[in-house]
Amino acid sequence: MAEAKQERYEDSELYRIRHSAAHVMAQAVIEAFPEAKYTIGPPVENGFYYDFDLPRTLTPEDLKKIQKRMRKILNGQHEFVKKVLSADEARQIFKDQPYKLELIEGLEEGGFDEYGNPLDEKPDISIYSHDSFVDLCRGPHVESTSQINPKAVKLMSVAGAYWRGDENNKQLQRVYGTAWNSKEELDAYLWQLEEAKKRDHRKLGKELDIYTFDDEVGPGLPLWLPNGATIIEELEQLAKNIEREAGYQQVRTPHLTKEDLFIRSGHLPYYAESMYPPMEMEGVRYFIKPMNCPMHHKIFAARQRSYRDLPIRLAEYGTCYRYEKSGELFGLMRVRSMQMNDAHIYCSEEQFEEEFMAVIGLYMKYFEIFNIDKYVMRFSTHAKEGLGKKYIDNERLWLKTEDMVRQAMENGGVRYVEVADEAAFYGPKIDVQVWSAIGKEFTLATNQVDFAVPPKFDLKFINAQGEEEIPLCIHRAPLSTHERMIGFLIEHYAGAFPVWLAPIQAVIIPITDDHLDYAFEVEKKLKKAGIRAEVNARNERMNAKIRNAQKQKIPYMLVVGDAEVEAGAVALRMRDGEDRGAFPVDDFATLALKVIAERSPALEA
RNA sequence: GCCGACGUAGCUCAAUCGGCAGAGCAGUCGCCUUGUAAGCGACAGGUUAUGGGUUCAAUUCCCAUCGUCGGCUCCA
């Protein structure tokens, strides 16, 4: 990757093109709806959007018309002209635009730019105009519409969006568009979107029989099919092995607990609305658990702890249920039942850095296993305004633990970005964003410091001085949930899993029914060796069986006919299409077992 | 939860203006006995998501509910 010198997106020509395209789009929309109120329209990752308050809902036909009009405007060689003016002058220009007036007020007071981002100093108020359109805007823009290629601009979709991102505000209509330097770039982007669709875990998950949803079971409650369950089993084995080596202990806890536990932990007031409602038995209210931590805390508290016992690392693939709002559900990525690669590490302050970095070390190990080469550690901290609301009200401990994390990351040479106001209610956290093979971003692992809940549970250990001390708790889930992890892996590998994860590792394809007995013999042998092998005994021609195995992305196809029966061999065809010819059965088993044992991404070690 | 679009066989999709609901794949059965990405034939498969309404007649038009999708919001 290119180092430092890389141009920031905000400074790029493309950014100005998109920003300017947003203005041109707004012009086209306002021409079509003179009574429209317009709000903001910034560039975003692959394009731009503009939010409008319109008298009626936009249809796909409207989008076509708007796009057509945009192209005409773009061909008009209109210059973008900036003018700095006073708040009163601006108010005069936008007197019929309530959202703009609100923005002007914000700019005048200072502290925020037109998108609501905090600013250090009071900004100038400026407008940009081109053709017949004027917008309150800080820029920058291209000099003229002639710098925007009309053929490299496309409107994508229209969606609802709240004014200023607040769900209590009015819902606006957001029109998304994309713009590029050239038609070729636009085409490449559209092609990439098509590719992403092919890898979509919802599509592949169905095709590869990994999981399914059923209306009668309920939204967000996946049913894992045998193929999916096999992948889960492999992931759990991996995690359990690694955690055993790293000094974790497995625990198991119930799916239900009394309300009191969540009152004590402090979760209930924060998360009641995303927990399944309580059920009452003999006058006692129970909740289905949305997380495992309170019960792990109880295990810690089950006996007296000495500093000699620490750190204590309690791990559980705990099954949790969260009532995610209906509109938030998304395939396997956002579900209501999930199984977390969860663990809680209880340690002293002195041990914190080592423990915290050991968790980061786990991430690195997993990145290597799963061939993840792009990631960002997002360090989420509190915001002062949220103390006593979103966050536990103890500024001293916030600052202290945040500093501990910062220190640990810096000492360990781990690069991270800091994001304010995104911490958990009980402490700062690291979220790990990773990018799949086609550059789609996912948030998987999480690593959270908890200074707030252990004292609520009265957790303590006796330190070397014989005094009681409260441990710190690190919540961590390097493999996220099975649901999200497998969703990611499906898209990352496009369904062609590494052999160790492949639900079926080898399919045995007899050429005629005469070879069936031998085929089953081979199957038995391979199964015994620990390879997930299956005979395809269907009444089909060999070609159809190969095609079928190819579509199922099965790593190894073992064709058996007269020659193979004779030689005690299999004809090995790889998933990548390579025909490797005859292999003695034992040799194939050795080859496959090596690839599996190494968890290699390749088909041959 | 909010805004919008969508919902036809297990899957992918047809059905003109409101006029007898259809195809491919998958499934079952039969024939073929096959050498590296689809052999052939037959059969079966549907309360057109659910519930109401308009109409002589509704997959088609209207309403409600449920679900999915694109976003927003949210993610302990």
Side-chain angles (χ1 to χ4, degrees), chain A residues 49 51 54 56-60 156-176 200 202-203 206-207 209 212-220 262 265-275 289-294 320 322-331 333-335 338 340 342 390 422-427 429 431 443 446 448 450 452-453 475 477 481 484 509-516 538-552 557-564 571-575 577-582:
Chain A
Y49 68 78
D51 285 349
L54 296 174
R56 71 165 172 84
T57 303
L58 290 175
T59 64
M156 303 299 282
S157 61
V158 57
Y162 301 106
W163 167 236
R164 298 209 139 150
D166 184 337
E167 64 180 325
N168 299 312
N169 286 345
K170 177 154 191 190
Q171 184 134 30
L172 307 167
Q173 291 189 63
R174 173 170 299 180
V175 181
Y176 279 95
D200 190 313
R202 292 165 299 183
K203 178 172 147 45
K206 199 181 275 177
E207 283 172 12
D209 289 318
T212 188
F213 286 103
D214 186 291
D215 286 359
E216 273 187 288
V217 174
F262 293 118
S265 72
H267 284 97
L268 205 52
Y270 285 93
Y271 299 111
E273 66 178 40
S274 53
M275 286 164 71
K289 66 174 171 182
M291 86 297 291
N292 306 299
C293 20
C320 298
R322 296 176 183 179
Y323 194 84
E324 302 287 1
K325 289 193 241 169
S326 59
E328 288 160 354
L329 299 174
F330 173 71
M333 295 301 175
R334 236 5 224 290
V335 289
M338 72 209 82
M340 270 195 282
D342 208 4
K390 262 171 99 165
E422 287 193 11
F425 78 84
Y426 46 63
K429 63 176 180 173
D431 285 322
T443 301
T446 176
Q448 307 169 343
D450 182 352
V453 184
H475 305 235
T481 61
R484 193 172 281 193
I509 300 176
I511 287 181
T512 75
D513 291 350
D514 295 341
H515 311 116
L516 267 176
R538 292 154 47 102
N539 186 11
E540 286 174 333
R541 276 175 165 57
M542 179 205 63
N543 278 331
K545 292 181 185 180
I546 286 176
R547 181 180 142 85
N548 200 20
Q550 250 351 118
K551 280 177 58 181
Q552 290 298 304
M557 284 152 255
L558 311 176
V559 177
V560 297
D562 287 340
E564 287 74 24
L572 174 60
R573 179 197 161 102
M574 309 289 228
R575 177 169 61 194
E578 195 191 349
D579 184 354
R580 297 296 305 275

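Below, read A as the first sequence line, B as the second, and so on, with proteins coming before strands; counting in each chain starts at 1. Given the structure is predicted, the values throughout are model-derived calculations rather than measurements.
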Bracket notation of RNA chain B in which parentheses pair within the strand, [ ] cross earlier pairs, and | pairs with another strand (Watson-Crick or G-U, under 3.5 Å): (((((((..((((.....[..)))).(((((.......))))).....(((((..]....))))))))))))....
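- Side-chain N/O atoms of A/Ser274 and base N/O atoms of B/A76 include a donor-acceptor pair closer than 3.5 Å.
- When the P atom is used for both B/A44 and B/A5, the distance is 40 Å, rounded to whole Å.
- For A/Lys206, the side-chain hydrogen bond (donor to acceptor under 3.5 Å, both in side chains) test picks out no residue, with sequence neighbours left out.
- The residue among A/Tyr323 and A/Asn548 whose nearest nucleotide of RNA chain B is located toward the 5' end is A/Tyr323.
- Computed from coordinates, the A/Asn292 CG to B/A76 C1' distance equals 11 Å when rounded to whole Å.
- Rounding to whole angstrom units, CG of residue A/Asp209 and C1' of B/G10 are separated by 10 Å.
- Straight-line distance from the CD atom of A/Gln448 to the C1' atom of B/A76: 7 Å, rounded to whole Å.
- A straight line from CG of A/Asn543 to P of B/G39 spans 6 Å, rounded to a whole angstrom.
- Listed candidates were B/A37, B/G39, B/G35. Nearest to the side chain of A/Val559 is B/G35.
- For the side-chain hydrogen bond (donor to acceptor under 3.5 Å, both in side chains) test, residues two or more places apart in sequence or in another chain that qualify with A/Glu422 are A/Arg378.
- Residues passing the ring-ring contact (aromatic ring centres under 6.0 Å, His included) test with A/His515, sequence neighbours excluded: none.
- Across the protein-nucleic acid pair, A/Ile546 atom CD1 and B/U36 atom C1' stand 3 Å apart, rounded to whole Å.
- Salt bridge A/Asp166/A/Arg164: absent, no basic N to carboxylate O contact under 4.0 Å.
- Between the C1' atom of B/A38 and the CD atom of A/Gln550 lies a distance of 13 Å, rounded to the nearest Å.
- With C1' as the reference atom, B/G35 and B/G70 are 48 Å apart, rounded to whole Å.
- For A/Phe262, the ring-ring contact (aromatic ring centres under 6.0 Å, His included) criterion is met by no residue, not counting sequence neighbours.
- Residues satisfying the ring-ring contact (aromatic ring centres under 6.0 Å, His included) test with A/Tyr162, not counting sequence neighbours, are none.
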Let me have a per-nucleotide readout for nucleotides 25-33 of chain B, 5' to 3', with B, S or -, counting only protein heavy atoms under 4.0 Å. --S---BBB
Check nucleotides 42-52 of chain B against the protein and report each pair of N or O atoms closer than 3.5 Å, with its distance, or say if there are none.
none

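- Every residue two or more places apart in sequence or in another chain that forms a side-chain hydrogen bond (donor to acceptor under 3.5 Å, both in side chains) with A/Lys289 is listed here: A/Thr253, A/Asn292.
- A/Gln550 meets the side-chain hydrogen bond (donor to acceptor under 3.5 Å, both in side chains) test with A/Arg573; sequence neighbours excluded.
- Applying the side chain to side chain contact (heavy atoms under 4.5 Å, CB included) test to A/Ser326 and every residue at least two apart in sequence or in another chain returns A/Arg336.
- For the C1' atoms, the distance linking B/G7 with B/A64 amounts to 16 Å, nearest Å.
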Each nucleotide in nucleotides 67-75 of chain B should get exactly one letter: B, S or -. Can you fill that in based on protein heavy atoms under 4.0 Å? SSSBBBBBB
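- We find that A/Glu540 and A/Arg547 are not joined by a salt bridge, their nearest charged nitrogen and carboxylate oxygen being 4.0 Å or further apart.
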